[in-house]
Amino acid sequence: MDEVLEELKAFDKMIEVGEEKYFDTDDLDRIILGYILNRAVEKAHVALEYAKKLHHGTVVFLIYEGMILHLLERNKEAIEVLNRAELIYPKDFMLFKTRASCYFQIQEKELGMADIEKSNEIGFDFKAAFGIVDEPEKITMSKKMVDMDPLELFNEEREKYSSDYETLKEISDNFGFAFGEKGLEVINFFKKIADDNPSSADRWMFLGLSYDTYRRFPEAIEAYALSISLNPDNAICYNRIARAYSLIHKYEDAIINYRLSIDYSKPTDDYFYPREEDERTQENIPFMYYWIGTCYKQLRQYNNAEIAYRKFNELDPEDDGSWYSIGEALMKQGLYKESVPYFKKAIEIDKEYSGYVYCLYAYALFKSGDMKKAQKAFDRILKDKYPSDGFYKYYPQFLWAMDKQEEAFEILQKGINQNPVVSEFFYIKALFYYRSDNRTEGNKFLNTALKLKFDDHYLLFEYAPELENDKEILKVIETFGKKNNKGKS
């Protein structure tokens with residue numbers, strides 16, 4: 001798994017820096033699947049397009065295209081793609097598992113059950129999918145997890161360790177080796193251990209982790225809460241609850257629990273995240289303030305986000321992210337001139353060029369009226385072979401302000417071609433048409449953007465405040481929302 005994490009980091013870095021790097025088909029197979037399993041849909045799509053460019057015609061990438069379409073709830077399109085993949089390679093577990101899920105989503109239950117049966121016949125080799133090399137101790141432990149009764153194994157391992165926590169952590173490290181995608185087996189395994197001694201806070205915490213691992217977040221929260229009821233100062237559980245709430249978009253609850261995690265943190269806490277390279281509390285607390293700020297940003301409470309990011313910066317001023325996060329929060333409040341020094345400081349701290357931060361810096365310069373410096377910053381980004389999504393959001397708006405409308409459309413379209421699942425591109429395209437007095441095309445692309453991500457429609461008004469009270473545009477949004485059962489946001 002460490003190899004996969006390194007590959008994901010390497011691909012993230014390539015996108016950020018903007019310089020192409022070669023990955024073979026096996027690398028990209030694991031990278032795309034890693035993003036998909038983490039529901040990082042936009043990154044998965046970027047990796048998929050890059051894979052298709054390097055290794056055209058590889059069938060597994062066709063299967064991943066179907067998986068990505070399914071995650072975007074474009075199930076009929078996903079089924080069409082997966083049908084084509086089946087003609088080439090009719091024995092792929094993920095193909096049938098994904099297509100089954102698509103069928104269930106469109107109420108074709110019989111077809112879904114047929115694909116479930118096919119996927120069960122084939123099975124899924126977790127280790128092969130992630131290129132995991134067997135280690136003797138992991139083989140032994142994973143075999144025991146499959147063959148032995150959970151309590152029998154726990155009691156055997158408990159004799160080697162001083163606490164339930166250490167025992168369960170050793171066992172939990174072998175989730176993937178023992179069960180792969182069989183989440184129910186993992187959950188039942190830890191549930192049996194928790195039920196055997198319901199007064200053990202650690203047992204409930206690890207049951208929560210098993211739910212968490214397989215993205216059953218409400219049940220994870222419930223298990224963590226039971227652990228906290230037995231051990232109220234468990235910072236790790238508050239931290240995991242916060243993360244789970246943020247992943248189901250309950251950001252207010254996430255903030256409360258991140259703050260409790262900070263309040264109860266101790267130097268001995270063994271965090272499972274956010275920083276794998278160190279587990280010291282003093283290193284984790286600053287990053288918790290980052291997540292608090294990010295939750296506030298999702299709530300569009302940008303002043304509160306700024307306050308949290310400033311605390312992050314106060315505790316860890318050497319982290320470039322603490323600087324550009326403040327800059328982003330200021331920019332979201334329309335304080336473009338004030339944001340510029342923070343982006344500049346982030347660039348100074350991070351010795352390696354970051355296309356993402358440079359885009360923010362260039363856009364802030366543009367919006368603060370310093371067009372010459374903005375042009376210079378964008379010129380630096382134009383040298384990138386593989387610009388970040390930020391370039392395709394911000395540079396077209398700069399070009400539009402410079403009366404280069406045709407070029408603005410051209411650059412924006414390149415962004416859409418490379419990553420057509422980013423709703424923000426389509427909100428910007430709608431904006432350009434509205435500014436061109438072409439309501440028909442503006443409404444068309446606004447509907448496309450709303451379909452991709454309805455809750456992002458506020459971006460249209462952040463970029464163009466003059467449209468905020470436009471009755472026709474508000475009517476398009478309201479009509480789409482009612483038709484598709486979307487709430488107000």
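All values reported here derive from a predicted model rather than from experimental measurement.
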Non-hydrogen side-chain atoms of L62 and E65 separated by less than 4.5 Å: yes
ring-ring contact (aromatic ring centres under 6.0 Å, His included) partners of Y427, counting only residues at least two apart: none
Salt-bridge contact D92-K97 (side-chain N to carboxylate O under 4.0 Å): no
Ring centers of Y363, F366 separated by less than 6.0 Å: yes
E462: partners by salt bridge (Lys or Arg N to Asp or Glu O under 4.0 Å), with sequence neighbours left out: K332
Sidechain-backbone polar pair: N447 side chain, N443 backbone, donor-acceptor under 3.5 Å: yes
Listed partners of A464 passing side-chain contact (heavy atoms from CB on, under 4.5 Å), at least two apart: L431, R435, E466, L467
All ring-ring contact (aromatic ring centres under 6.0 Å, His included) counterparts of F409, not counting sequence neighbours: W400, F432, Y433
Ring-ring centroid check Y309 F312, cutoff 6.0 Å: no
Residues in salt bridge (Lys or Arg N to Asp or Glu O under 4.0 Å) contact with R439, at least two apart in sequence or another chain: D470, E472
All ring-ring contact (aromatic ring centres under 6.0 Å, His included) counterparts of F378, not counting sequence neighbours: Y395, F398
Exercise: do D29 and Y64 side chains pair donor with acceptor under 3.5 Å: yes
Any residue meeting salt bridge (Lys or Arg N to Asp or Glu O under 4.0 Å) with E80, in chain and number order, not counting sequence neighbours: none
Those residues that, when tested against Y361, pass ring-ring contact (aromatic ring centres under 6.0 Å, His included) (two or more places apart): Y358
Non-neighbouring partners of K444 that pass salt bridge (Lys or Arg N to Asp or Glu O under 4.0 Å), sequence neighbours left out: E441
Worked check of side-chain contact (heavy atoms from CB on, under 4.5 Å) between E252 and I255: CA-CA 5 Å; E252 295 94 340; I255 290 164; 5.6 Å; no
For N83, side chain to side chain donor-acceptor pair (under 3.5 Å) partners two or more places apart: R99
Non-neighbouring partners of D379 that pass side-chain contact (heavy atoms from CB on, under 4.5 Å), sequence neighbours left out: Q375, L382
Mutual orientation of the aromatic rings belonging to W291 and F287 [parallel < 30°, tilted 30-60°, perpendicular > 60°]: perpendicular
Test item: Y392 and F425 side chains (from C-beta on) under 4.5 Å apart, heavy atoms: yes
Qualifying salt bridge (Lys or Arg N to Asp or Glu O under 4.0 Å) pairs with a residue from residues 405-423, counting only residues at least two apart or across chains: none
